[in-house]
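What follows is a short report on a single structure.
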Amino acid sequence: MQSDASSRTELTDATIADSEATIEQLKELRFNEKNLIIYSAPGINDELSARYLRSFAFVTFKRRSPGFIGDLITVLQNREPEIIEECGDYAHFDLKRTIWSLELLRKEMLNNDEFQIFRVKAPDTESWNAFLLGLTEDRRQWFSAVWLHAECYMYRRIWSIFQRSDTLANYDYFGEQKTSAARSLTPLMRDILEATRKLPRSQENFQHLLKLSAWANRCDLSITTEGPDAEIFHRIAEYDADLLADQSADIWKDLTEACEPVYVDIVCDNAGFELFADLLLAEYIVESGLARRVRFHAKAIPWFVSDVTHQDFHWMLNYFRKHDLPELRAFGRKIRGYLRDRSFILCDKSYFWTSGHDCSQMKRVQPCLYVYISDSALAIFKGDLNYRKLLGDINYKSTAPFADCLRGFQPTSVCALRVIKSDIYCGLPVCAVEWLTEDNPEWMTAGKKAVIQVAIKHRLSSDTVV
Ligand SMILES: O=P(O)(O)OC[C@@]1(O)O[C@H](CO)[C@@H](O)[C@@H]1O
């Protein structure tokens, strides 16, 4: 039998909890009203934006990104000794100011403040400021902007905060997460290397490695964070049930019919296991004679936590080359050989990939990159963010043809290998989205479904390749 006093206390606690919840709800209602939040999901052909309450974009800037910035601050605080070791004693003071600036950024986001132009000089400062100033008034805040623009702005703001400090300007604040994730998957990478030596040229083997590269996109450090299934390579066919679109046969056909010399471009996404799978696919493409060259596009700055930078690419190569396991050492040496004989190219830094622009703007803002990619027979875009850049974060009808959603971006055949992690899609079978949503309303951010799509561009043999 509870005493009166303890039951009164419980009642008081429950009442306090209820009133706190009510206060929180009132705050949210006031925020939504003040910031003109629309109580629906984006309509067909609307751009994704946190202005829509029922959108992943709203959840991102209301919860995920403020939490992510808080976690980044905690990581910096906990890793201060290692950072001082790497960047020098003065990093102690730069860290304090960096953390203070990150907390300011977090507050700006939660207050739905207007985007600020960049003042720290960097190769892309001018282009980023032109982009921001080109946004209409009603698209320059966190909860009104196109989601893609705001999310890219956030990661560029974080980089500019580090750029402002003398000691931390070259510090990759996502580096430790990327390298430890890669190290943890060494046994799996060794097993897959053993199973893929001297694979004969066949459509089946190509599709197998293409699907591995697609599903490896599940391993990012911002959404799915879980590692791949230890049997992913041997069980890849079982994943076909979760491939909502599979044009891998069309991609094989397009590549085998391409005019010599055949180049393939891979616009990379995540470091670690996904980069390994991309290197494996590229090795097969070159070794089986499907292409003369594979050219990798990495990010110029730390991006969306786990995206591959040039530094990550070289770290992975050295990690393999110097590893105790003979399979990894041999693979590393082979990649270095390909880089030396230009079978593999790590393309020069392009700040387009870390701009706010979507791909339909490339011809206008970075024409040289567009022409460069047009030299390839196939451009493979990896991952969810690149998919959003291809579609311009437009909420197309789920059955809209992939080629139509590129809005004129067609330097060559464009392929997307994407695990679905955000609420945008196209080229899906009729009713697929409705059925999946009925089954699990959160399916599109679970990273359990994927697409392999391609928009074919037949190149005339007269196209010169420089
Ligand atoms: O490009 P990736 O690594 O496949 O995914 C990037 C991502 O994690 O970031 C955004 C959500 O914040 C989404 O585009 C996607 O979920």
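Whatever order the structure lists them in is the order used to number ligands and atoms, beginning at 1. Keep in mind it's a predicted model, so treat the numbers as computed, not measured.
- A salt bridge is defined here as a Lys NZ or Arg NE, NH1 or NH2 lying under 4.0 Å from an Asp or Glu carboxylate O, and D358 with K389 fails to meet this definition.
- Taking a 4.0 Å cut-off on heavy atoms, W147 registers as neighbouring ligand 1.
- Heavy atoms of T445 found under 4.0 angstrom from ligand 1: none, in either backbone or side chain.
- Each of the following atoms of ligand 1 lies closer than 4.0 Å to a heavy atom of R388: 10 (C), 13 (C), 14 (O).
- Contacts between D269 and ligand 1, counted as non-hydrogen atom pairs separated by less than 4.0 Å, involve the side chain only.
- A salt bridge does not link K253 to D250: none of the charged nitrogens lies less than 4.0 Å from a carboxylate oxygen.
- The local environment of CD in Q177 is crowded, with over 12 non-hydrogen atoms from other residues, nucleotides or ligands closer than 6.0 Å.
- The distance from ligand 1 to the heavy atoms of N217 drops below 4.0 Å at these ligand atoms: 4 (O).
- A heavy-atom separation below 4.0 Å is found between R64 and ligand 1.
- Applying the 6.0 Å contact sphere to NZ of K397 captures no more than 12 heavy atoms from other residues, nucleotides or ligands.
- Residue D307 has no N or O atom closer than 3.5 Å to an N or O atom of ligand 1.
- Results of the side-chain hydrogen bond (donor to acceptor under 3.5 Å, both in side chains) test with Q361 over H357, R364, K363 single out R364 as the only residue that passes.
- Less than 4.0 angstrom separates some heavy atom of N270 from each of these atoms of ligand 1: 3 (O).
- Put simply, the residue from K449, R418, R218, K421 that forms a salt bridge (Lys or Arg N to Asp or Glu O under 4.0 Å) with D384 is R418.
- The local environment of CZ in R235 is crowded, with over 12 non-hydrogen atoms from other residues, nucleotides or ligands closer than 6.0 Å.
- With rounding to the nearest 0.5 angstrom, the CD1 atom of I285 is 7.5 Å from the CG atom of L210.
- Both the sub-6.0 Å distance and the 45° axial angle are not jointly satisfied by R295 relative to the ring of Y263.
- Scanning T60, D384, V59, V305 for the heavy atom closest to atom 13 (C) of ligand 1 points to D384.
- Every atom of ligand 1 is numbered from 1 in the order shown, and the set under 4.0 Å from a heavy atom of G383 is 4 (O).
- Residue contact check: F304 has heavy atoms under 4.0 Å from atoms 9 (O) of ligand 1.
- Polar contact with ligand 1: present for K421 (N/O pair, distance under 3.5 Å).
- Of all the heavy atoms of K382, none lies under 4.0 Å from any atom of ligand 1, so neither backbone nor side chain is involved.
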